[in-house]
Amino acid sequence: MIDNLLDSAKQVLNGNFQPKGFSIPCDGLYPFQWNWDSGFIAIGFSHYDFEKAKSEVKTLLDAQWSNGFIPHIVFHNESDSYFPGAEFHKSELSPYAPKDHKTTGLTQPPVLGFVLEEMYHIHKNKDEVLAFVKNHIDQVFNCHKHLYEHRDPKNEGLVYIYHNWESGTDNSPMWDEVWETMTDIPTYEFERRDTSHVDASQRPSNQEYNYYLHLIEIAKAHNYDDAKITELSPFLIQDPLFNAMLIKSNQALINLYEIIGGETEKINTLKAWNTLSKKSFNDKLYDKELKAYIHYDLRNDRPLRHVSSSSFSPLFASVPDADRAKEIIDNLMTVFGKEEFYLCASFDPNSDKFNPKKYWRGPVWINLNWIVFHGLKSYGYNELATRVKNETIELITKNGFYEYFDARKEIHESGSGGYGGNNFSWSAALLIDLLKKEN
Ligand code: DGY
């Protein structure tokens, strides 16, 4: 049974790998290379095809901008099955964008640091993996440097995102409060492509796309200049998931530089970033009443007081102390861990904004489960971690390698509870990793 599942997962991954050496997240809906998708995919490939794992990371880093920025999509090929494509994003407006790759001017949660460390631990040939890490580690360091230097205007150690697509949790109800502040935005003429692949009830609305496009138009009007974005973007959010990935990746880079040897200055810089980031994270992004890490709206200087799966990601980056971790995990179990739900819904199931079918407004996502699984384990909550792992395996076994899954257990008894794209790469990649890992 486990062998079958592993084989099916490998088939999905192999099927999505492209001749140019990167993987698409899934056919039709996402026909290019996505940043954090590639990171998770590389972890899966590391278990059985290290050449592909290396290629996944390398093709993404080949499109890094000269200022260190790593884009969220690399348009390696032409495709008319996706909107908005390269001709909308126009990365060539920025003087830092590469000449030989078309990309977006947005980024995604910075996973590559801990991806390199996972690759190091998984792959048996340490000389080979270390040679690869040595070749690319500075590129990841430069990306972090860019984030701290250009996206942390108050020097708090908490970097902002300027677009919901940078959060990874694209249409989270969190952003509704930001959209309410954006009045008088134009109505754009555009043709959605996503809703020709997936039922519209599982995707963001057209009005949401208006906001998404508007934010990009503001950045484009200033050639993706960071200082102008800081000054003008109505969407400047300190996101707990994005910052947790950065902190985890900082620590991974420290560990890897220590294995490589030398580089004391970079190690000290990374340590200083993490000390400040963790302190501010706990001081500013922890809501004592909600007992959860939350988002902060830097533009409007106010917390966004909602609990989502992103609220639990700081466990993965060792942000809370043991007492706070316990408080968060108790909260996770009372709200998200009720018997009728699979762990871990992407948004608070008690909220009237919870929608178990719609993308990031409720469904379970495999990458967040993987992050929560590792977070729980690192604080010694092994039984709970095993529950997350088993439920993740169950969701995929029952439905297939979907992009996201209904959190309500009853749905899976009566029909399919898998939504969005099928044969989705990171669902397969992270399942491989979970199956290969000890409990
Ligand atoms: C989409 O098009 O929905 C993507 O997630 C954007 O990154």
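Starting from 1, each residue takes its place in the sequence as its number. As the structure lists them, so they are numbered: ligands from 1, and atoms in each ligand from 1.
- Contacts classified as side-chain hydrogen bond (donor to acceptor under 3.5 Å, both in side chains) and involving residues 50-59 (residues at least two apart or in different chains) are given here: Ser23-Glu56, Gln33-Thr59, Ser38-Glu56, Asp49-Lys52, Glu51-Lys54, Lys54-Glu128, Lys58-Asp62.
- Between atom NZ of residue Lys248 and atom CZ of residue Phe114 there is a gap of 8.0 Å, rounded to the nearest 0.5 Å.
- Judged by a 6.0 Å distance limit and a 45° cone about the ring axis, Lys358 is not positioned over the six-membered ring of Tyr404.
- Using a 4.0 Å heavy-atom criterion, the residues that approach ligand 1 are Tyr30, Trp34, His72, Tyr82, Trp165, Asp170, Arg203, Tyr359.
- For the pair Lys284 and Tyr296, the cation-pi test (distance below 6.0 Å, angle within 45°) is passed.
- Within the structure, the salt bridge (Lys or Arg N to Asp or Glu O under 4.0 Å) test picks out the following pairs touching residues 186-211 (sequence neighbours left out): Glu191-Arg193, Arg192-Asp194, Asp194-Arg203, Glu208-Arg361.
- Evaluation of the ring-ring contact (aromatic ring centres under 6.0 Å, His included) rule for Phe32 yields Phe75, Tyr82 as partners, not counting sequence neighbours.
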